[in-house]
Amino acid sequence: RQLHQLTAETMETLYATNLAKHYADLAFHYEKAEFTDKAIEYLEKAGDDAKAQYQNQQALGLYDRLLIQLQKVLVFPEKEIDTLLKKGKILDLTGQWKACQDVCEEAFRLSEQIDDTRRMGQAKLLAGIIFRRTGQYDMALAYFEQARTLFEAINDKEGLGQILTGMGVVYQEIGDYEAARMYYET
């Protein structure tokens with residue numbers, strides 16, 4: 001443990017001007033040193049960096065490790081939910097829709113526990129997108145409506161915009177162009 005701690009601290013000093021290249025290595029060493037806060041910090045940064053570079057499998061692995069670290073401390077439910085949603089977006093992008101649905105359900109459950117309406121809406125929105133992608137249009141519309149209610153309750157205009165667009169896409173895909181136009185223009 002001490003060797004990993006020393007390695008991580010030395011890396012932070014040596015590469016202080018360019019830490020981004022070393023996030024994953026720093027995360028690894030802080031995990032092994034059992035410095036949970038630092039491991040969380042660098043796992044999130046490394047995961048976000050991998051996601052931004054479309055290194056999807058690496059990002060998923062880093063987010064899974066981050067979730068393990070977050071469950072050890074149980075003081076960052078928002079960060080856990082955000083990590084689940086980031087993971088869900090990657091699963092969507094890579095066509096792993098069943099796994100994405102499971103992640104959405106977990107994110108919603110955790111959001112509900114802390115009464116976080118915005119994150120509940122985001123989980124429902126992502127689930128609706130997955131149902132749309134898999135041709136389950138009735139389910140997609142139901143989830144979009146649930147998300148819409150949540151976003152309206154907190155006046156989240158960005159969330160509402162995403163919902164209205166999603167609903168417009170569903171109606172366009174099923175051939176109801178008048179309904180689609182109504183949602184696109186709202």
Quick one: closest heavy-atom pair of [X] and [Y], and the distance?
{"X": "R65", "Y": "A24", "value": "NH2-O, 4.4 Å"}
{"X": "L125", "Y": "A147", "value": "N-CB, 3.8 Å"}
{"X": "F151", "Y": "R118", "value": "CE2-O, 3.8 Å"}
{"X": "A123", "Y": "C104", "value": "CB-O, 3.6 Å"}
{"X": "K21", "Y": "N18", "value": "CD-ND2, 3.4 Å"}
{"X": "C100", "Y": "G88", "value": "SG-O, 3.1 Å"}

Determine whether [X] and [Y] fall in the same hydrophobic cluster, where Ile, Leu, Val, Met, Phe, Trp and Tyr are linked whenever their side-chain heavy atoms lie under 4.5 Å apart.
{"X": "Y63", "Y": "L84", "result": "yes"}
{"X": "M182", "Y": "L164", "result": "yes"}
{"X": "L66", "Y": "V73", "result": "yes"}
{"X": "I68", "Y": "F35", "result": "no"}
{"X": "I163", "Y": "I129", "result": "yes"}

Under 6.0 Å between ring centres: does that hold for Y183 and Y171? yes
Report yes if the distance between the aromatic ring centroids of F28 and H4 is under 6.0 Å, otherwise no. yes
Just checking, any donor-acceptor pair under 3.5 angstrom between side chains of [X] and [Y]?
{"X": "E105", "Y": "Q101", "answer": "no"}
{"X": "Y143", "Y": "Q136", "answer": "no"}
{"X": "Y42", "Y": "E12", "answer": "yes"}
{"X": "E173", "Y": "Y137", "answer": "yes"}

If only atom types and distance count, is the side chain of T165 paired as donor or acceptor with the main-chain N or O of Q162 below 3.5 Å? no
Across all chains, not counting sequence neighbours, the ring pair (Phe, Tyr, Trp, His ring centres under 6.0 Å) partners of F144 are none
Who pairs with Y15 by ring pair (Phe, Tyr, Trp, His ring centres under 6.0 Å), at least two apart in sequence or on another chain? H22
Residue pair [X] / [Y], side-chain heavy-atom distance below 4.5 Å:
{"X": "D64", "Y": "K87", "answer": "yes"}
{"X": "I90", "Y": "K51", "answer": "yes"}
{"X": "L67", "Y": "E80", "answer": "yes"}
{"X": "E106", "Y": "R109", "answer": "yes"}
{"X": "H29", "Y": "M11", "answer": "yes"}
{"X": "K32", "Y": "L3", "answer": "no"}

Could you give me the CA-CA distance, side-chain angles and deciding distance for I81 and I114, then say whether side chain to side chain contact (heavy atoms under 4.5 Å, CB included) is met? CA-CA 10 Å; I81 297 162; I114 62 169; 3.8 Å; yes
Would you indicate whether E185, at its atom CD, is surrounded by more than 12 heavy atoms from other residues, nucleotides or ligands within a distance under 6.0 Å? yes
Can you confirm whether more than 12 heavy atoms, excluding those of Q53, are under 6.0 Å from its CD atom? yes
Spatial distance of atom [atom1] ([X]) from atom [atom2] ([Y]) [nearest 0.5 Å]:
{"X": "T83", "Y": "L70", "atom1": "OG1", "atom2": "CG", "answer": "5.5 Å"}
{"X": "W97", "Y": "L91", "atom1": "CH2", "atom2": "CG", "answer": "11.5 Å"}
{"X": "K72", "Y": "D37", "atom1": "NZ", "atom2": "CG", "answer": "11.5 Å"}
{"X": "L19", "Y": "K45", "atom1": "CG", "atom2": "NZ", "answer": "7.0 Å"}
{"X": "L85", "Y": "L126", "atom1": "CG", "atom2": "CG", "answer": "6.5 Å"}
{"X": "L26", "Y": "E9", "atom1": "CG", "atom2": "CD", "answer": "10.5 Å"}

Is there a side chain to side chain contact (heavy atoms under 4.5 Å, CB included) between Q96 and L60? Walk through the geometry before answering. CA-CA 12 Å; Q96 299 176 63; L60 288 172; 4.1 Å; yes
So K86 and E44, side chain to side chain contact (heavy atoms under 4.5 Å, CB included) or not? Walk me through it. CA-CA 10 Å; K86 289 178 203 178; E44 182 175 25; 3.3 Å; yes
For the pair K79 and E41, find out whether any cationic side-chain nitrogen is under 4.0 Å from an anionic carboxylate oxygen. no
Quick one: do R119 and E78 make a salt bridge, cutoff under 4.0 Å? no
Partner of F108 under side-chain contact (heavy atoms from CB on, under 4.5 Å), picked from Q146, M120, Q122, is M120
